[in-house]
Enquirer: 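I have a structure here, written as structure tokens, and I will follow up with some questions on it.
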Amino acid sequence: MNPPVHVVTLDGPSGSGKGTISRAVARRLGWHLLDSGALYRLVALAGIERGLEPGNVQAHARLAGTMAVRFEAARDVEHVLLEGREVTDAIRTEEVGQSASRVAAWPAVREALLERQRAFAVPPGLVADGRDMGTVVFPQAPLKIFLTASPEERARRRYNQLKQKGSGASLSALSREIAERDARDSSRATAPLVPAPDAVVIDSTRLDVEAVLAQVIELGRQRALWA
Ligand code: DC
């Protein structure tokens, strides 16, 4: 039997910085990256494009199991392709994010994505970013991080991100949307957003990217996952 592939899981709410940290850890180690949120966003986008009823669970679950998805790292940008089409920006809108959070509450959709996600665990290792990476998808991972930040700080980060991209948004509307999404992601019956019992919780409210990255790298060293 092949030795198990090392997996580091990074879970947490939107705006906690886990996307940025996961990418940085993967790059530092030369490991693969799973952006599981992108998979839920792809299901949501494919559903919107096909004009599916927002409540049609079975049709969304079928899409989750059959859609053709590719992630391609080019320079510093991770390109996302759906059925061969570039949808890197299209999956990042608030509309798709809200819809992703709804479809992610359905067990049939989560089940359809489970093996797809596990297939990302190939040598030399995987950094898995999401909400249930440590609790459901990779429960055996030797290092699990749960990254949080205050809701105000998370709304502020999202606001700055959007401003950089040139899209307008109001801070109060973003705060409201983040609170709604948090409530839905944390209260759903299947794979809610909670830290795994053996996760290390890092609050990044007052930490910059470098400081969080340093903590994660040190934790992996202590566990002899890397030198
Ligand atoms: O991390 P994100 O904002 O791209 O995720 C989009 C939505 O997908 C989020 O509202 C919750 C859901 N999600 C999930 O339920 N489980 C995951 N592992 C990743 C994302």
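Source: prediction; values computed, not measured. Just so you know, ligand 1 is whichever comes first in the structure, and atom 1 is the first atom listed for that ligand. Side-chain atoms are counted along with the backbone in the values below, which use heavy atoms only and exclude waters and symmetry mates.
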Enquirer: D185 heavy atoms, cut-off 4.0 Å: which ligand 1 atoms fall inside?
Expert: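 Once the distances to D185 are compared, the set is 9 (C), 10 (O), 11 (C).
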
Enquirer: Need the ligand 1 atom indices (1-based, order shown) with element for anything under 4.0 Å from a heavy-atom of S36.
Expert: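 Here the atoms of ligand 1 in question are 17 (C), 18 (N), 19 (C).
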
Enquirer: Is there a donor-acceptor contact under 3.5 Å from the side chain of D11 to the main chain of F146?
Expert: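 Such a contact is absent between D11 side chain and F146 backbone.
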
Enquirer: Looking at T9 and A128, would you say the former's side chain and the latter's main chain have a donor-acceptor pair under 3.5 Å?
Expert: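 Such a contact is absent between T9 side chain and A128 backbone.
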
Enquirer: Mark up the atoms of ligand 1 that fall under 4.0 Å of a heavy atom belonging to K18, in ascending order.
Expert: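 This gives 1 (O) as the contact atoms.
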
Enquirer: For atom 8 (O) of ligand 1, what is the closest protein heavy atom, and at what distance to 0.1 Å?
Expert: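 Protein heavy atom with the smallest distance to atom 8 (O) of ligand 1: Y40 CB, 3.5 Å.
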
Enquirer: Which residue and atom name correspond to the protein heavy atom nearest atom 12 (C) of ligand 1, and how close is it?
Expert: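 For atom 12 (C) of ligand 1, the nearest protein heavy atom comes out as A104 CB, 3.7 Å.
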
Enquirer: Ignoring hydrogens and angles, tell me if any N or O in the side chain of R110 forms a donor-acceptor pair with the backbone of A105 under 3.5 Å.
Expert: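 Pair absent, no side-chain N/O of R110 close to backbone of A105.
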
Enquirer: Using the side chain to side chain donor-acceptor pair (under 3.5 Å) definition, which of the options E180, R184, E177 pairs with S101?
Expert: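 Among E180, R184, E177, the one meeting side chain to side chain donor-acceptor pair (under 3.5 Å) with S101 is R184.
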
Enquirer: Using the salt bridge (charged side-chain N to carboxylate O under 4.0 Å, His left out) definition, which of the options K144, K18, R23 pairs with D129?
Expert: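 When K144, K18, R23 are each tested with D129, the salt bridge (charged side-chain N to carboxylate O under 4.0 Å, His left out) holds only for K18.
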
Enquirer: Quick one: does Q98 get a heavy atom under 4.0 Å from ligand 1?
Expert: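 Not so, Q98 does not reach ligand 1.
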
Enquirer: Identify, for atom 16 (N) of ligand 1, the protein heavy atom at the shortest distance, and state residue, atom and that distance.
Expert: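 Its nearest protein heavy-atom neighbour is R110 NH2, 3.0 Å.
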
Enquirer: May I ask you to decide if A196's main-chain N or O and T135's side chain share a donor-acceptor pair within less than 3.5 Å?
Expert: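 Checked: no pair found.
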
Enquirer: L39 and L81: same hydrophobic cluster, using ILVMFWY side-chain contacts below 4.5 Å?
Expert: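 In one cluster: no.
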
Enquirer: Just go through M133, R181, R41 and tell me whose heavy atom is the nearest to atom 4 (O) of ligand 1.
Expert: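 The residue whose heavy atom sits nearest atom 4 (O) of ligand 1 is R41.
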
Enquirer: What's the shortest distance from atom 7 (C) of ligand 1 to any protein heavy atom, and which residue and atom give it?
Expert: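 For this ligand atom, the closest protein heavy atom is A100 CB, 3.9 Å.
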
Enquirer: Can you hop from V216 to V7 via hydrophobic side chains spaced under 4.5 Å?
Expert: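 No: no chain of side-chain contacts under 4.5 Å links V216 to V7.
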
Enquirer: Starting from atom 20 (C) of ligand 1, find the nearest protein heavy-atom neighbour and note its residue, name and distance.
Expert: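 Residue, atom and distance for the closest contact: G37 CA, 3.5 Å.
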
Enquirer: Counting only heavy atoms, tell me which of R188, R131, R158, R184 gets closest to atom 1 (O) of ligand 1.
Expert: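 The residue whose heavy atom sits nearest atom 1 (O) of ligand 1 is R131.
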
